[in-house]
Protein chains: 2
Amino acid sequence: MMPESIARFRRFARAVTAEVGALDSSFLGRGRPLGAARVVNAIGAGRTDVAEIRAYLGLDSGLMSRLLRSLEEEGLVTTETHPDDARRRVARLTEAGQREFSAYEELSDARASALLERAPRAPELLHAMDLVALSLGRDRIAIEEADPRSEAARTCLEAYYTELARRLKTGFDVKLSRDPEAKAMVRPRGAFLLAMADGLPVGCVGLKGSGGPVAEVKRLWIDPAARGFGLARRLMEAVEAAARDLAIAVLRLDTNSALPEALALYRKAGWVEIDRFNDDPYPDHFFEKVL
Amino acid sequence: MMPESIARFRRFARAVTAEVGALDSSFLGRGRPLGAARVVNAIGAGRTDVAEIRAYLGLDSGLMSRLLRSLEEEGLVTTETHPDDARRRVARLTEAGQREFSAYEELSDARASALLERAPRAPELLHAMDLVALSLGRDRIAIEEADPRSEAARTCLEAYYTELARRLKTGFDVKLSRDPEAKAMVRPRGAFLLAMADGLPVGCVGLKGSGGPVAEVKRLWIDPAARGFGLARRLMEAVEAAARDLAIAVLRLDTNSALPEALALYRKAGWVEIDRFNDDPYPDHFFEKVL
DNA sequence: CATAATACCTGACTAAAGTCAGCTATCATG
DNA sequence: CATGATAGCTGACTTTAGTCAGGTATTATG
């Protein structure tokens with residue numbers, strides 16, 4: 001690795017260390033040691049399993065116990081034994097705990113907002129932050145099924161349409177295309193998958209089924225900041241698995257030669273080119289894969 | 001500020017917190033508490049004044065004293081009174097301290113290197129990191145005088161030539177241009193200024209003098225990741241101040257209409273357009289400013 | 001030149017974080 | 001169902017960080 005790259009990385013690390021440290025210490029403003037605040041935030045973020053919190057925060061089991069006891073005494077947290085395993089415990093926020101968590105969230109949001117507000121070139125800065133966050137966290141991007149009408153899905157689909165409009169010579173108007181109705185992409189007929197990075201969607205793919213043995217793959221899109229991590233391949237594998245699960249025998253898809261990376265991906269994944277199978281005005285390449 | 005922007009910023013903060021935390025805790029691998037390690041690193045980085053270290057690390061004066069005493073006992077640091085003010089003290093690393101500092105540096109470099117090596121799209125990632133680091137640290141960018149033959153200056157000049165080659169329709173070959181010899185941009189004839197962000201150069205400008213009352217401003221360049229922070233304006237103000245200091249009465253410069261942001265900057269800063277004053281093949285606009 | 005301010009030091013203290021051995025209750029497994 | 005592994009708890013402890021009230025020596029200032 002080039003020394004200059006290392007120097008640049010380390011300059012980045014120094015710059016964010018200051019910010020991150022400030023963010024941490026803002027948690028001290030509510031009369032509670034950092035350790036306890038971090039536990040409240042971990043529970044609020046959905047980590048209810050005690051062992052999970054312990055692993056996430058890197059705490060000793062004794063220390064963890066004591067932090068939970070002190071939070072219980074404060075009335076912010078209740079613990080109960082895990083329904084599946086009486087050795088394990090789950091922690092929950094009480095109402096007061098929820099309020100406390102919200103207060104911490106507001107602190108963080110306010111910090112973020114203040115920082116972004118005085119940043120020139122905020123859109124570029126956010127894109128750069130996305131790229132950094134996704135690069136560092138690329139092993140934690142998870143693929144999950146979602147409703148295509150959910151907010152996260154619609155965010156992806158909007159971005160997909162916008163990108164198509166930019167990249168296709170003809171532009172793209174979703175109303176002129178064969179827009180699958182949402183039901184076709186929901187079980188039992190089909191499915192819709194999202195790639196989620198730390199709670200935010202960074203990619204999607206739809207499986208449009210009709211109830212029969214032939215289904216279509218639609219709406220494959222990856223956030224520009226998340227490209228190059230093999231996410232499209234993972235989404236395609238996941239959508240094939242979902243199709244098999246739905247007893248679908250043949251998959252089809254259409255695409256456009258203005259998206260060469262998509263064509264290359266399909267060819268590499270064993271799709272074979274076939275004749276036009278619809279009259280949609282936008283695609284000029286058609287593929288099929290027998291499962 | 002949009003809620004989505006805040007969510008994206010906070011995802012970024014979470015992603016880097018993990019990395020940065022790991023970087024911090026890697027300092028613990030050498031049998032010394034974090035506080036002491038941070039002092040060694042601060043001294044190694046050139047912060048010798050005790051008050052300066054204290055301010056930088058945000059330490060209480062008593063704690064600072066104790067940390068220095070413990071490092072002295074370990075044989076890593078010596079302190080002596082400041083030559084200009086016998087109340088103040090300066091800390092220096094002993095040879096053993098230097099070795100220890102190098103060991104810490106190698107740890108950090110190794111971490112950075114490992115992280116960058118397994119990153120796809122490393123050049124893009126580094127550019128994004130630059131943008132983040134410079135945005136967060138834009139108030140700490142300092143302008144300083146440097147030798148145009150120094151490594152930092154040459155890095156900027158190379159980047160400047162590359163950018164000109166890309167942006168001018170005719171391309172750019174520095175050998176065909178009137179390349180000022182370095183002596184003309186060094187005192188007493190001229191000057192060369194660098195904008196430094198945390199030790200790395202992010203912009204430059206040259207003042208090419210002949211010993212007479214007329215001098216030229218040359219080689220104004222800003223790192224793309226540092227644009228939008230008003231750095232060009234600051235560099236131009238600094239170069240004007242340097243010119244006044246050298247008793248120069250009239251400044252001139254030439255530029256090209258393919259660089260509209262430069263033209264706009266000069267006009268806004270009170271430069272007036274004049275007739276061509278040289279036969280350089282590249283410029284098509286010429287400016288003058290009477291100091 | 002008296003006085004105030006500054007820079008650092010020392011001692012005495014507290015709070016927070018972290019460690020470790022040993023304990024109980026529960027679960028997994030042959 | 002004995003045995004070992006696992007999850008969490010408790011008590012006793014250490015280390016690290018941080019605070020605060022004084023103290024000395026030096027410098028700045030009216």
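The basis for the numbers below is simple: all heavy atoms, side chains too, and nothing from hydrogens, waters or symmetry mates. Just so we're on the same page: letters track the sequence lines, and every chain starts at 1.
In terms of heavy-atom proximity, A:Ala36 sits nearest to A:Leu67 at N-CD2, 3.8 Å. For the residue pair A:Ile43 and A:Leu68, the shortest heavy atom distance occurs at CD1-CD2, 4.5 Å.
Here CD of A:Glu100 is found 7.0 Å from CD of A:Glu74. Values are rounded to the nearest 0.5 Å.
Residue A:Asp85 is in sugar-phosphate contact alone, with no base atom involved, counting any heavy-atom pair closer than 4.0 Å across all strands shown. When heavy atoms are screened at a 4.0 angstrom cut-off, A:Leu68 is found touching no nucleic acid atom at all.
Distances shown here put every side-chain N or O of A:Arg66 at or beyond 4.0 Å from the OP1 or OP2 atom of D:dC9. For A:Arg54, no side-chain nitrogen or oxygen approaches OP1 or OP2 of D:dA7 to under 4.0 Å. For A:Arg69 and D:dC9, the shortest distance from a side-chain N or O to OP1 or OP2 is below 4.0 Å.
A straight line from CD of B:Glu72 to P of C:dC8 spans 13 Å, rounded to a whole angstrom. In this structure, the CZ atom of B:Arg88 is 10 Å from the C1' atom of C:dT6, given to the nearest Å. Distance, B:Asp60 CG to D:dG22 C1': 13 Å, rounded to whole Å. Distance CZ (A:Arg89) to C1' (C:dT24): 13 Å, rounded to an integer number of Å. Atoms CG (B:Leu28) and P (D:dT16) sit 9 Å apart, rounded to a whole Å. As rounded to whole Å, 6 Å separates atom C1' of D:dT26 from atom CZ of B:Arg87. Atom CZ in A:Arg32 sits about 15 Å away from atom C1' in C:dA16, given to the nearest Å. Rounded to whole angstrom, the span from the CG atom of A:Leu63 across to the P atom of D:dA12 amounts to 18 Å.
Side chain of B:Ser61, nearest nucleotide from D:dT19, C:dT19, C:dC8: C:dC8.
A salt bridge does not link A:Arg88 to A:Glu52: none of the charged nitrogens lies less than 4.0 Å from a carboxylate oxygen. With respect to B:Arg234 and B:Glu237, no salt bridge is recorded, no charged nitrogen being found less than 4.0 Å from a carboxylate O.
Residues A:Ala86 and A:Leu34 both approach DNA chain C. Their nearest nucleotides, taken by heavy-atom distance, put A:Leu34 toward the 5′ side.
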